[in-house]
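One structure is given below, encoded as structure tokens.
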Amino acid sequence: MRSVLTSLLILTTFIMSHSENPTRLTPTEVNPGQTAGRNQLGDFAPKFAELNDDVLFGQVWSRTNKLSARDRSVVTVTALVASGIIDSSLTYHLTEARKNGVTRTEIAEILTQIAFYAGWPKAWGAFRQAAEVWRNDTDASDAKARHEQELMFPIGEPNDAYAAYFSGQSYLAPVSTDQVKMFNVTFEPGCRNNWHIHHATSGGGQMLIGVGGRGWYQEEGKDPVAILPGTVIHIPANVKHWHGAAADSWFSHLAVEIDGSETSNEWCEPVSDEAYEILK
């Protein structure tokens with residue numbers, strides 16, 4: 001019992017202090033809708049099934065406005081490994097931990113830490129399962145997951161509809177489509193959009209708000225401007241410009257469309273590699 005409590009304390013403290021955004025709290029409770037208890041034990045042990053589905057998951061795991069699902073996964077995995085439970089229960093919770101944002105690098109560090117408090121053989125068993133769960137993850141997917149942890153907004157889906165106007169992969173997540181149209185746009189390292197112009201006869205233009213990573217904005221004929229979290233860029237209508245990630249950083253900004261008359265968007269030529277590569 002002492003080993004379990006020590007491991008829980010050490011690992012929870014480690015993750016909470018080293019994660020870029022350790023809380024990731026939801027505004028309200030989110031019910032996972034677990035039915036495993038009833039599916040597997042509903043006939044044999046209905047009360048246990050009810051407690052598993054409705055209390056453990058329905059009432060405890062749902063409290064993501066108090067403790068994030070990611071941190072609950074870290075604590076649960078730590079407790080299972082420390083208790084020597086290296087079976088399908090651990091596989092399930094390792095899989096959930098990955099879904100909840102724990103990266104390949106982080107789970108390796110977590111299990112290494114556990115080994116010194118819970119025992120080397122337990123960690124070996126857990127590593128074998130974790131390697132299978134994270135087997136398809138790469139350094140790039142790890143970096144993407146870490147970037148998403150920093151954000152208040154989701155990364156969203158690949159921005160395929162506008163892929164022809166981007167050099168590299170971008171992602172798009174609607175934030176608001178009422179009153180003011182607002183989108184979270186995420187760029188992988190080195191990704192940028194083409195030069196383009198937001199046309200309008202009056203009003204119009206766009207506003208960018210940096211929310212994660214490091215990027216660039218440039219108007220034609222002017223020096224590039226770095227965008228960091230909290231940077232606000234006001235783009236007048238009818239001004240040719242581009243924006244995107246730094247070469248060594250994932251980058252996200254909110255894009256706010258400004259109302260105007262006779263608005264349209266004109267896509268122009270890509271930003272040349274020569275012009276982009278001199279940016280530091």
Side-chain angles (χ1 to χ4, degrees), residues 18-22 24 70 97-109 133-176 181-196 198 206-219 223-233 235 240-257 265 267-280:
H18 285 74
S19 174
E20 290 87 350
N21 185 355
R24 294 287 289 178
R70 177 181 181 277
R98 182 179 177 275
K99 291 179 183 176
N100 291 333
V102 177
T103 68
R104 181 189 61 168
T105 300
E106 288 174 332
I107 196 63
E109 191 66 21
V133 171
W134 275 268
R135 70 183 183 280
N136 293 325
D137 287 28
T138 63
D139 289 342
S141 63
D142 247 22
K144 179 184 175 184
R146 285 195 299 271
H147 178 70
E148 190 162 22
Q149 289 173 25
E150 298 175 359
L151 303 179
M152 296 176 62
F153 306 99
I155 283 181
E157 300 300 322
N159 190 16
D160 294 337
Y162 292 88
Y165 309 116
F166 284 73
S167 299
Q169 181 66 60
S170 65
Y171 300 82
L172 189 67
V175 175
S176 172
K181 292 183 179 179
M182 183 184 304
F183 300 86
N184 185 36
V185 187
T186 296
F187 305 75
E188 68 178 6
C191 176
R192 66 272 188 186
N193 52 31
N194 290 5
W195 290 95
H196 57 285
H198 303 292
Q206 189 179 54
M207 182 170 67
L208 307 179
I209 304 172
V211 294
R214 185 169 69 94
W216 293 102
Y217 167 76
Q218 185 177 19
E219 292 183 10
D223 291 334
V225 176
I227 306 178
L228 298 172
T231 302
V232 178
I233 301 290
I235 306 172
K240 190 175 181 181
H241 64 282
W242 69 269
H243 37 102
D248 59 354
S249 175
W250 281 81
F251 171 61
S252 294
H253 65 57
L254 296 181
V256 183
E257 298 182 17
N265 196 52
W267 290 101
C268 306
E269 72 277 9
V271 178
S272 69
D273 291 340
E274 294 76 17
Y276 179 78
E277 289 170 359
I278 63 174
L279 301 175
K280 302 296 182 183

Review point. Please walk me through it: do Thr186 and His147 pass side-chain hydrogen bond (donor to acceptor under 3.5 Å, both in side chains)?
Key: CA-CA 10 Å; Thr186 296; His147 178 70; 4.6 Å; no
Got [X] and [Y] here, is their nearest side-chain heavy-atom distance under 4.5 Å?
| X | Y | answer |
| --- | --- | --- |
| Val225 | Ile233 | yes |
| Val185 | Tyr171 | no |
| Met207 | Val232 | yes |
| Trp216 | His243 | no |
| Leu151 | Ser252 | yes |
| Cys191 | Ser170 | yes |
| Leu254 | Phe183 | no |

Check your understanding: For Lys181, does the NZ atom sit with more than 12 other heavy atoms under 6.0 Å from it, leaving out its own atoms?
Key -> no
At what distance, to the nearest 0.5 angstrom, does [atom1] of [X] lie from [atom2] of [Y]?
| X | Y | atom1 | atom2 | answer |
| --- | --- | --- | --- | --- |
| His196 | Asn265 | NE2 | CG | 6.0 Å |
| Asn184 | Ile209 | CG | CD1 | 10.5 Å |
| Ile155 | Glu188 | CD1 | CD | 11.0 Å |
| Ser167 | Trp242 | OG | CH2 | 10.0 Å |
| Asp248 | Leu279 | CG | CG | 11.0 Å |
| Thr103 | Asp139 | OG1 | CG | 10.0 Å |

Show the nearest heavy-atom pair for residues [X] and [Y], with the distance to one decimal.
| X | Y | value |
| --- | --- | --- |
| Phe251 | Gly215 | CD1-N, 3.4 Å |
| Tyr162 | Phe166 | O-CD1, 3.1 Å |
| Pro229 | Gly213 | CD-O, 3.3 Å |
| Arg104 | Thr138 | NH2-C, 3.6 Å |
| Ala173 | Gly156 | CB-CA, 3.7 Å |
| Trp195 | Pro270 | CD1-O, 3.9 Å |

Got a donor-acceptor contact below 3.5 angstrom from the [X] side chain to the [Y] backbone?
| X | Y | result |
| --- | --- | --- |
| Asn194 | Cys268 | yes |
| Asp142 | Thr105 | yes |
| Gln149 | Gly101 | yes |

Review point. Between the side chains of Glu219 and His241, does any donor sit under 3.5 Å from an acceptor?
Key: no
Check your understanding: Is the shortest side-chain N to carboxylate O distance from Glu269 to Lys240 below 4.0 Å?
Key ->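 Answer for the salt bridge query: yes.
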Check your understanding: Parallel, tilted or perpendicular: which fits the ring planes of Tyr165 and Trp267, with parallel below 30° and perpendicular above 60°?
Key ->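 Ring orientation, 0 to 90° scale: parallel.
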Review point. Knowing that exactly one of Arg70, Arg98, Arg146 qualifies, which makes a salt bridge (Lys or Arg N to Asp or Glu O under 4.0 Å) with Glu106?
Key: Arg70
**Study point:** Arg192 charged N/C atom sitting above Tyr276 aromatic ring, 6.0 Å / 45°
**Key:**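 The answer is yes; both the distance and angle limits are met.
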Practice item. For ring-ring contact (aromatic ring centres under 6.0 Å, His included), just list the numbers for His253 and Phe187, CA-CA rounded to whole Å, side-chain angles, deciding distance to a tenth of an Å, and then say yes or no. Key: CA-CA 9 Å; His253 65 57; Phe187 305 75; 5.3 Å; yes
Practice item. Start with the C-alpha gap between Tyr217 and Thr231, add the side-chain angles, then the distance that decides, and say whether side chain to side chain contact (heavy atoms under 4.5 Å, CB included) holds. Key: CA-CA 11 Å; Tyr217 167 76; Thr231 302; over 6 Å; no
